[in-house]
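Take a look at the structure set out below.
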Amino acid sequence: MYDIIVVGGGHAGIEASHIAAKMGRKTLLITANIKNIGDMPCNPSIGGTAKGIIVREIDALGGLMGHIADISQIQIKMLNNSKGPAVRSLRAQADKITYPKNMQKALKNTENLTIKEAMIEDLIVEDNEVKGVITAEGERVYGKAVILTTGTYLKGNILIGSENTPSGPHGEARSNYLSDRLKDLGLKIIRLKTGTPQRIKKNSIDFSQMQKEEGDKKYWTFSHDYKASYDIDKQVPCYLVYTNEITHQIIRENLEKSAMYGGYATGIGPRYCPSIEDKIVRFADKERHQLFLEPESLYYDDYYLQGFSTSMPRDIQEKMVHSLKGLENAVITKYAYAIEYDAIDPLQINPSLENKVLKNLFTAGQINGTSGYEEAAGQGIIAGINAALKLAGKNPLILKRSDAYIGVLIDDLVTKGTIEPYRMLTSRAEFRLILRHDNADLRLREYAYELGTISDEQYKKLLNKKEQINKLLKYLQENHLNKQDKNIFKENNKNFPTSNISYYELLKRPEINLEFIKKLMPIDFSNEVQEQVEIMVKYEGYIKKAYKEAEKLKKLEEKEIPENIDYRKVTNLASEAKQKLEKIRPKTIAQASRISGVNPVDISVLSVYLKKEYNK
Amino acid sequence: MNDTICAISTSMGTGAISIVRVSGNEAINIVDSIFDGNLIDKETHTIHYGHIKYDNTIIDEVLIMLMRSPKTYTTEDIVEINCHGGSSTTKKILEILLENGCRLAEPGEFTKRAYLNGRINLLEAESVNDLIVAKTDAARTLAINNVDGILTKKIRNIREKIVKILANIEVNIDYPEYIDEVQVTHNLMKDYIKDITNELQQLIEGAKNGRIVKEGINVAIIGRPNVGKSSILNNLLDEEKAIVTDIPGTTRDIVEGSITLNGVAINFIDTAGIRETKDVVEKIGVDRSIRSADRADLILFVANNNEKLTDNDLKLLEKYDSENLIIFVNKSDLEQKIEIPGNISREIIWGNTVDINGLDSLKNAIKNKLNLDNIVNKDMSYLSNIRQIDLVNKANLAIENANAALKNDMPIDLIEIDLKSAWEYLGEIIGDSYQDELVDNIFSNFCLGK
């Protein structure tokens, strides 16, 4: 008998099982193929805009992804480095051989964690309470809580042209019955679609025809604790390729042969991940589209052709790829395909990621309707934490929208639902100015320490950082410019302020940074402390406003809606609002207010009702 | 529930006093910031005398009732401002409060707060509940219906412009590797902001017209004592409201009276003669006149044909020289002794109140200055209620902030924050404001992804 059983060894399952074991729970990770744990079936990268910040958050909470990406990357860069601090995010090319290897090693070294190879086709359920899982061979494994992280394996179907093959990704066995079983148990099943582009053999590519995209000449890590030790000059480049009129013509002429346009697919694909045929149809006047060639690994020769995902038959794919400059003689090692799979309606999930219908069942990742390794891992760690907390009889960890991108992600899913695979975007986060790459530890490590998912040493490091930040802030506030500074201003071609302002005030000026202030006064603080202070001072107005907004929202978050509320009894609610509230059953007034179709008036009515009935 | 709300609590219309009520956490701070006395450390349930100020000008002389939480109607901090009656002063105070961080209360909101804060008991609340809901719902629909089709279209157009920029910025942020897409640079942003500012200015100008139609305009009559200001006013009003005597300085109070031109109310404000004086009582009147003149939409300067212009007259002419100045030379029936300096280029109307001459020309001049024929005949798609005007002003302020941030070289994604709030404020006017719109826009206008 296990405490927690995690089904699926993808990015969600890894974080879920690792964190649950770390929290002292006897955990079992069951996966169809142990060699595939930590596999990256699609793009060979970790991070990206918004996603990179999720990785930082996972790391802050005590998860694995950040550190494993650090020791497995072959190129890394800070995106949006020239833009504001809020939108900076790390992206790494992760080696597809090294990453899973390192991940498997980390899991093997995790105490309380057992790994087992099996395909799960059924759940043990009594009175809507999940008690364990049943393998394809009929073996029953019991656990107090089950976390499903099945990715695209539920009734997966691979589509290439008119071919339709029941399969998990890359020909792996799929789960044939589990989603039907979930349906029988009362869950609403939705069908989603995603796709992956071609892989091209390295020595068949003429790179001289393409623009090189290099990594940063600067050290970066996702992890808060790991010190970078890679050789910045040995990073592997990516390449930029463009489609052309010939490519577009080939696609237009063969449109009806694609699985999607030929009507062979039923799943709904994501808008942010359109197939190349979608792009050509929807943006007909665009002369070219950008594609990227990304190295998959140092240990084999495939390049991933980002931007060219398609469900065209193989012969058309050959023509399409060969029309690209530098790929005239390209050898395709894997054809692009679309994959359809079953997922559950996220509106049936609680913010804790526990299912509303089936008790002790948690879900994370693509089964919840998301897309992306990072989104999956972010949910995985929360599902693991909350399953462990539940067994300990404690309240779940529900990250607020102003706490973390992970909070935004889960709140969006369980409040708004989704009809396409959900990808995180910075524009989904209204508090993105406070959800930064640089402050993930400041935002989340207090929670982590309380959960016991970071060490005393890591916690001490956090406290020290906080102390140093306050010290530097105080130092800047208490010291003022003096006349001797004038020369240094002159030497650096800067205007000397007319009034006797503090260094704090000085730092607010657009042309001044801490590096310059260092010339005026000795500052001995670490780079990350300096960075933090610089951001806090320079953008103080905006940041304060964001915190004020967050504070307002927090008060609404604290207004809980009782679980047994009967919306039919709330008179004066608009009927649309009543329907939506009944369906989603939000946990708090704040969550209710984010449901589309629930208006401010409805919220007032609901508040009045709660006050009256429950004195909340 | 946690913001600070304000509203005019007395009925609209002309009464001796009006009360503006403010309730919420920030009530005392906000009123204190526009009041020339100090309220911060004053005890609860006390009354304070002073003035409401705006841009260093006194708006009104008021009594302020300070009531601290919890023994108040809403159980929150409440400040009530007792000001002089008359819709323009009261509204001005309300506007100043809105500008300083209050939100306009929805109908019944004070009562709602009283209820939600547990001050009214459940039985009472039962009946209040229906009332509140009915009122808010109706008010919302009403407010949205008030904005007619053309105006909605105008606002929608501006919002569309803004959302396109927002989506472009978001794409630059979320897909930095897509270098083929337009990059929103500071330079480009400058043009965008200029364009939106123009659009908003048109709305605000329109709002002025809307107010003109709804509330009329104020014309201040100024000039030396005894040049016949009161007589002109009386003739225009056709009634004896102002006191007319031959002794200079008798009109010490502002007298208001209105006529209707093209269906628009023209409110005349007779001012005590503006001149230097040592008489304390008269000085109060003079100061007050200066203030009314400064606030008026039009200035009617009256001079006496039978006298030379004094230095004081010339000073006044200089001070109020603008498009909105009309000069009326009175007593044209007497011998002309007045000499009009060559540098005065404004329209001059000659007339007198003895044989009633020149008054029609005066009325025409007023009509022309305000372009009344146009205002009233146009599509009339003006923002006219205070809620809408408040929101457009807020949108405009947000754009101004964006502009300031641009000048300070702030990153585009921070400038975007203000742009986004402008977009949301405009959405509130027409009743749609939701996040998904932005994400939809990103994917319908840009081509990205694997």
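As the structure is a prediction and not an experimental result, all values here were calculated from the model. Residue numbers begin at 1 in each chain, while the letters A, B, ... track the order of the sequences.
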Which atoms of [X] come close to chain B, meaning under 4.5 Å heavy atom to heavy atom: side chain ones, backbone ones, both, or neither?
| X | result |
| --- | --- |
| A:Lys555 | side chain |
| A:Arg91 | neither |
| A:Lys538 | backbone |
| A:Leu240 | side chain |

Salt bridge [X]-[Y], side-chain N to carboxylate O under 4.0 Å:
| X | Y | result |
| --- | --- | --- |
| A:Lys286 | B:Glu181 | yes |
| A:Arg432 | B:Glu170 | yes |
| B:Asp418 | A:Lys545 | yes |
| B:Glu416 | A:Lys83 | no |

Q | Heavy atoms of other groups near A:Glu558 CD, more than 12 under 6.0 Å | A | yes
Q) Does a sphere of radius 6.0 Å around CG in B:Leu188 hold more than 12 heavy atoms from other residues, nucleotides or ligands, not counting ones at 6.0 Å or beyond? A) yes
Q. With a 4.5 angstrom heavy-atom cut-off, which part of B:Ile412 approaches chain A: side chain, backbone, both or neither?
A. neither
Q. Measuring heavy-atom distances to chain A, does B:Asn172 have an atom under 4.5 Å in its side chain, in its backbone, in both, or in neither?
A. both
Q | Spatial distance of atom CE (A:Met424) from atom CG (B:Asp174) [nearest 0.5 Å] | A | 10.0 Å
Q. Could you state the interatomic distance from CG (A:Leu433) to CG (B:Leu414), rounded to the nearest 0.5 Å?
A. 5.5 Å
Minimum heavy-atom separation for [X] and [Y], please, with both atom names.
| X | Y | answer |
| --- | --- | --- |
| B:Ile173 | A:Asn80 | O-ND2, 2.8 Å |
| A:Leu79 | B:Pro176 | CB-CG, 4.1 Å |
| B:Ile179 | A:Gln290 | N-OE1, 2.9 Å |

Q | salt bridge (Lys or Arg N to Asp or Glu O under 4.0 Å) contacts in which one or both residues fall within residues 400-413 of chain B, not counting sequence neighbours | A | none
(Q) The criterion is salt bridge (charged side-chain N to carboxylate O under 4.0 Å, His left out); which residues satisfy it with A:Asp412, sequence neighbours excluded? (A) A:Arg401, A:Lys416
